Amino acid sequence: MNILVINSGSSSLKYQLFKMPVEEPLCVGLIERIGEPNAFIRQKDLRGEQPKIMERNILISNHEEGLHHIVAMLRDPETGMISKPEEIDVVGHRVVHGGEYFSGAVVINEEVKEDIRELFSLAPLHNPVNYQCIEFAEKDFPAAKQVAVFDTAFHHTMPEKAFLYAIPEYYHSEKKIRAYGFHGTSHRYVSKIAMDWLGKPDAKIISIHLGNGCSIAAIDSGKSVDTSMGFGPVSGLIMGTRSGDIDPSVIFHLLQHEDKTPEEVHNLLNKESGLLGLTGSVDMRDIRKALESGDQDAELAMEMYAYRIKKYIGAYIAVLNGVDALLFTAGVGENDFSMRARISDNMEYLQIRIDEEKNKIAEDGIREINMPGAPVKILVVPTNEELEIARECFELLQNAGV
């Protein structure tokens, strides 16, 4: 079974083609800066011993054009993976928000599409784009099954005491205001890898996803019991451009006394805050250079970033009544050894002890960076959301006898 995974962002398209069930990736590709004059597409052919990379700088006005370019790359006579669209059996779509409708992957039909449309207001930057890519893929791959995998689905196992807000019940029952959580596909993938590595299916895990967006999840026996992102993706940890947790009184003050409009406050907290607001940059590499030059704003930002994560670790150890492993994943979590050290430092009371030398070694795959014999494992686990989406698509269709 050939499964094409489409992971669409507000201005990007990531994709991978897998041969299942052997989980063989045939190619991986990326389109960035959709709608900008410097848009480009890059595809890596993973067949053979040496990957072949093809890049094109090309004007891509919207996601529909982007998907057409992906089809063209996949069908390229010299470097393509397929000769005709019918060779794609399944297109798996990452959809950010599934609301209360979806607790797992689903085959897409008109009813599913209507539910995704109803959730546009809960994820205005992502769900409309995810929806558009579904409609485009239906045209480009008419013979393929279209499957939706939702970021929020993994967190459907959270209990009411974790996902409800202390506001009148009407707002949940009628308006669906509650914590949903995000990055679920990543948290599910890395926690399964860690449980297998630990040989402990009932492991208590704290998964720390640190990229441009950041979230932390408490996972017990493979099930999410709490997570830092809530109704939307702005809450919780400090992120690239998002503030994370903030006193709501600040929002009221900005609206009432600083003449801010709701849209301006929304943009402030989502697009102008976080590391960008604290340092002027969202790139950890740039912030690292500023640190090396003695920039005190950069140092404070790193202290704040790590401190917020440490607070959540402590809270989630209490929620789980213990912890077997901390997992670091995504771009910052997998690659920034100094941030991992900041977060793990000074938590000996909780049996969390990082090995500074192991932490600095860059290796492929899952690796352990705690001190020998430490009761709590500290693991670096590379995430692969596209592979997890392919797995969920395959499992769904196999169980349905398709």
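When a residue number appears, it is its place in the shown sequence, counting from 1. Just so we're clear, the structure is a prediction, and the values are computed from it rather than from any experiment.
Side-chain contact, Asn109 with Glu111: no donor N or O sits under 3.5 Å from an acceptor N or O. For Ser338 and Arg288, the side-chain atoms include at least one donor-acceptor pair closer than 3.5 Å. Looking at Asp245 and Ser235, their side chains never bring a donor and an acceptor atom within 3.5 Å of each other. For the residue pair Ser249 and Asp247, a side-chain donor N or O sits within less than 3.5 Å of a side-chain acceptor on the partner. Residues Glu386 and Asn7 have side chains that bring a donor and an acceptor to within less than 3.5 angstrom of each other. For the residue pair Ser186 / His209, a side-chain donor-acceptor distance below 3.5 Å is found, with atom types taken as modelled.
Between Tyr312 and Tyr316, the two ring planes are perpendicular [angle over 60°; tilted spans 30° to 60°].
With sequence neighbours excluded, the residues forming a side chain to side chain donor-acceptor pair (under 3.5 Å) with Arg342 are Glu299, listed by chain and number. When the side chain to side chain contact (heavy atoms under 4.5 Å, CB included) test is applied to His69, the partners found at least two apart in sequence or on another chain are Ile41, Ile58, Ile60.
Aromatic pair Phe120/Tyr131: ring centres closer than 6.0 Å.
Residue Lys310 qualifies as enclosed at atom NZ: its count of foreign heavy atoms under 6.0 Å is above 12.
Salt-bridge formation is not detected for the pair Arg340/Glu356: no Lys NZ or Arg NE/NH1/NH2 atom is positioned less than 4.0 Å from an Asp or Glu carboxylate oxygen.
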